[in-house]
Amino acid sequence: HWGYGKEDGPSAWHRHYPVAKGSRQSPIDIIPDEARRDSSLGPIFLKYDRCTSLSIANNGHSVVVEFDDSDDRSVIQGGPLDNPYRLKQFHFHWGGKGCEGSEHTVAGVGYASELHLVHWNAVKYTTYEDAATAPDGLAVLGIFLEQGDDHRWLHTITDVLYMVKFKGSATNFKGFNPKCLLPSNLHYWTYLGSLTTPPLHESVIWIVLKEPIVVSEKQLGMFRILQFSGEEEDQRMRMENNFRPPQPLKERILKKRC
Ligand SMILES: COc1cc(C[n+]2ccc3cc(OS(N)(=O)=O)ccc3c2)cc(OC)c1OC
Ligand SMILES: [Zn+2]
């Protein structure tokens, strides 16, 4: 199975998932000066008001908050998207110390962590799983987390991480609105990419916000109490550095709004 270790980490994923060397892999290093202005790109709209979070879980790779995606209550639309995409889950990637942990980098510089809000195209596809294999199936909103002061709302998540310490654990997590994790402005870069974990499907329209949110070292440290390993495993494996490094841009154009 795959992981983030020396033997099973990102450089080995191509053995079981050959698409790892594909033409539209994620993440990438974002070079702001090379982003092309695209007048057809409008603002993005996030309708998370009647939020429908269900649970929080440790899937052995990250901590994931799942949503009820049975209707269009929580969607992202606008920007590069032709129709609304339904919120399915969000999760984080983080490092072992302050300076690295994000997946996308900006002019070669990483952030301490990166939040991914995963949405799927329920207009064109009947299931999330079908959408996850289609070239326009998913839209993932990436938000950088920068180390600094305490984040006013992140404690709602870090306070319950002890309940999902081990791989395979999950607990109720209702009524959480991810709107509280957004930065003040929604200026973004966008490009066509992939899942950043196996199966690495090239099915993601990436929308990466320029402005990071600020969280404290203490809050980031709470993510590191999580384990990659299950409760029954004698080998304790602290969950950290669960990020894939930037992949070749190849024939892609990074775009931004005018
Ligand atoms: C959660 O169940 C599935 C998820 C998926 C799709 N999937 C897999 C891995 C993912 C990793 C992701 O991480 S990231 N970092 O690219 O945002 C995001 C969405 C993902 C979505 C496919 C499935 O069957 C094909 C699933 O059923 C087992
Ligand atoms: Zn992710």
Side-chain angles (χ1 to χ4, degrees), residues 1-4 8-10 13-14 16-17 19-20 22 24-30 53-70 74 76 81 85-95 100-105 110-122 124-145 157 164 167-170 173 178 181 188-209 212-213 220 223 226 228 239-247:
H1 201 50
W2 65 273
Y4 290 96
D8 62 359
W13 292 350
H14 69 94
H16 293 284
Y17 306 94
V19 73
R24 56 175 279 190
Q25 288 292 293
S26 293
I28 59 169
D29 178 38
I30 291 167
S53 70
L54 296 171
S55 64
I56 187 167
N58 177 334
N59 65 9
H61 312 297
S62 182
V63 56
V64 189
V65 174
E66 296 276 354
F67 288 80
D68 168 0
D69 58 348
S70 57
S74 304
I76 183 172
L81 306 175
Y85 283 57
R86 269 184 208 168
L87 179 62
K88 170 74 179 161
Q89 53 108 314
F90 71 75
H91 61 274
F92 298 82
H93 302 266
W94 59 91
E100 60 175 11
S102 65
E103 299 210 297
H104 291 89
T105 52
Y111 285 87
S113 173
E114 189 171 330
L115 163 60
H116 289 159
L117 293 128
V118 180
H119 310 75
W120 63 283
N121 189 339
K124 277 185 78 173
Y125 306 102
T126 35
T127 66
Y128 172 61
E129 284 71 20
D130 286 350
T133 57
D136 59 351
L138 301 182
V140 183
L141 182 66
I143 301 176
F144 293 120
L145 277 66
I157 292 174
V164 289
K167 173 180 174 184
S169 53
F173 194 66
L181 297 178
Y188 64 89
W189 295 289
T190 184
Y191 74 98
L192 297 180
S194 73
L195 304 178
T196 66
T197 70
L200 298 170
H201 294 316
E202 296 188 328
S203 58
V204 181
I205 297 171
W206 277 95
I207 299 168
V208 180
L209 297 188
I213 59 170
L220 280 165
F223 284 91
L226 299 167
F228 282 123
M239 188 179 277
E240 59 185 18
N241 297 309
N242 56 349
F243 62 93
R244 188 191 194 190
Q247 302 300 308

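As the structure lists them, so they are numbered: ligands from 1, and atoms in each ligand from 1. Just so it is clear, the values below take in all heavy atoms, side chains as well, and ignore hydrogens, waters and symmetry mates.
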Subject >> Check: Trp206 ring centroid to His104 ring centroid under 6.0 Å >> reply: yes

Original post:
Taking all non-hydrogen atoms of both residues, which atom of Gly3 and which atom of Pro10 are closest, and how far apart?
Top reply: O-CD, 4.1 Å

**OP:** Tell me, please: is His93 in heavy-atom contact with ligand 1, that is, under 4.0 Å?
**Re:** yes

**OP:** Identify the heavy atoms of His116 and Val140 that sit nearest to each other, and give their distance.
**Re:** CB-CG1, 3.7 Å

Original post:
Tell me, which protein residue and heavy-atom name are nearest atom 11 (C) of ligand 1, and how many Å apart are they?
Top reply: Thr197 OG1, 3.3 Å

Original post:
Is there at least one pair of N or O atoms, one from His116 and one from ligand 1, spaced under 3.5 Å apart?
Top reply: yes

Original post:
At what distance is the nearest protein heavy atom to atom 15 (N) of ligand 1, and which residue and atom is it?
Top reply: Thr196 OG1, 2.6 Å

Original post:
Considering Val118, Asn242, Leu195, which one's heavy-atom position lies nearest to atom 10 (C) of ligand 1?
Top reply: Leu195

Subject >> atom 3 (C) of ligand 1: the protein heavy-atom neighbour that sits closest, reported with distance to 0.1 Å >> reply: Glu129 OE2, 3.7 Å

Subject >> His91 neighbourhood, listing ligand 1 atoms whose heavy-atom distance to it stays under 4.0 Å >> reply: 13 (O), 14 (S), 15 (N), 17 (O)

**OP:** Name whichever N, O or S atom of His91 ends up nearest to the Zn ion (ligand 2).
**Re:** NE2

Original post:
Short list, please: which atoms of ligand 1 are under 4.0 Å from a heavy atom of Tyr128?
Top reply: 4 (C), 7 (N), 19 (C), 20 (C), 21 (C)

**OP:** Report yes or no: do Asn58 and Ser169 form a side-chain donor-acceptor pair below 3.5 Å?
**Re:** no

Subject >> Where ligand 1 meets Ala132 - atom numbers and elements under 4.0 angstrom, heavy-atom basis >> reply: 6 (C)

Original post:
Shortest non-hydrogen contact from Ser113 to His93?
Top reply: OG-O, 2.7 Å

Original post:
Rounded to 10 degrees, what angle sits at the Zn ion (ligand 2) between His116 ND1 and His93 NE2?
Top reply: 100°

Original post:
Which atom names give the shortest non-hydrogen contact between Pro178 and Phe90, and what distance separates them?
Top reply: CB-CE2, 4.1 Å

Subject >> Exceeds 12 heavy-atom contacts within 6.0 angstrom, atom NE2 of His16 >> reply: no

**OP:** Determine the minimum heavy-atom distance between Tyr125 and Gly137, stating which atoms define it.
**Re:** CE1-CA, 3.9 Å

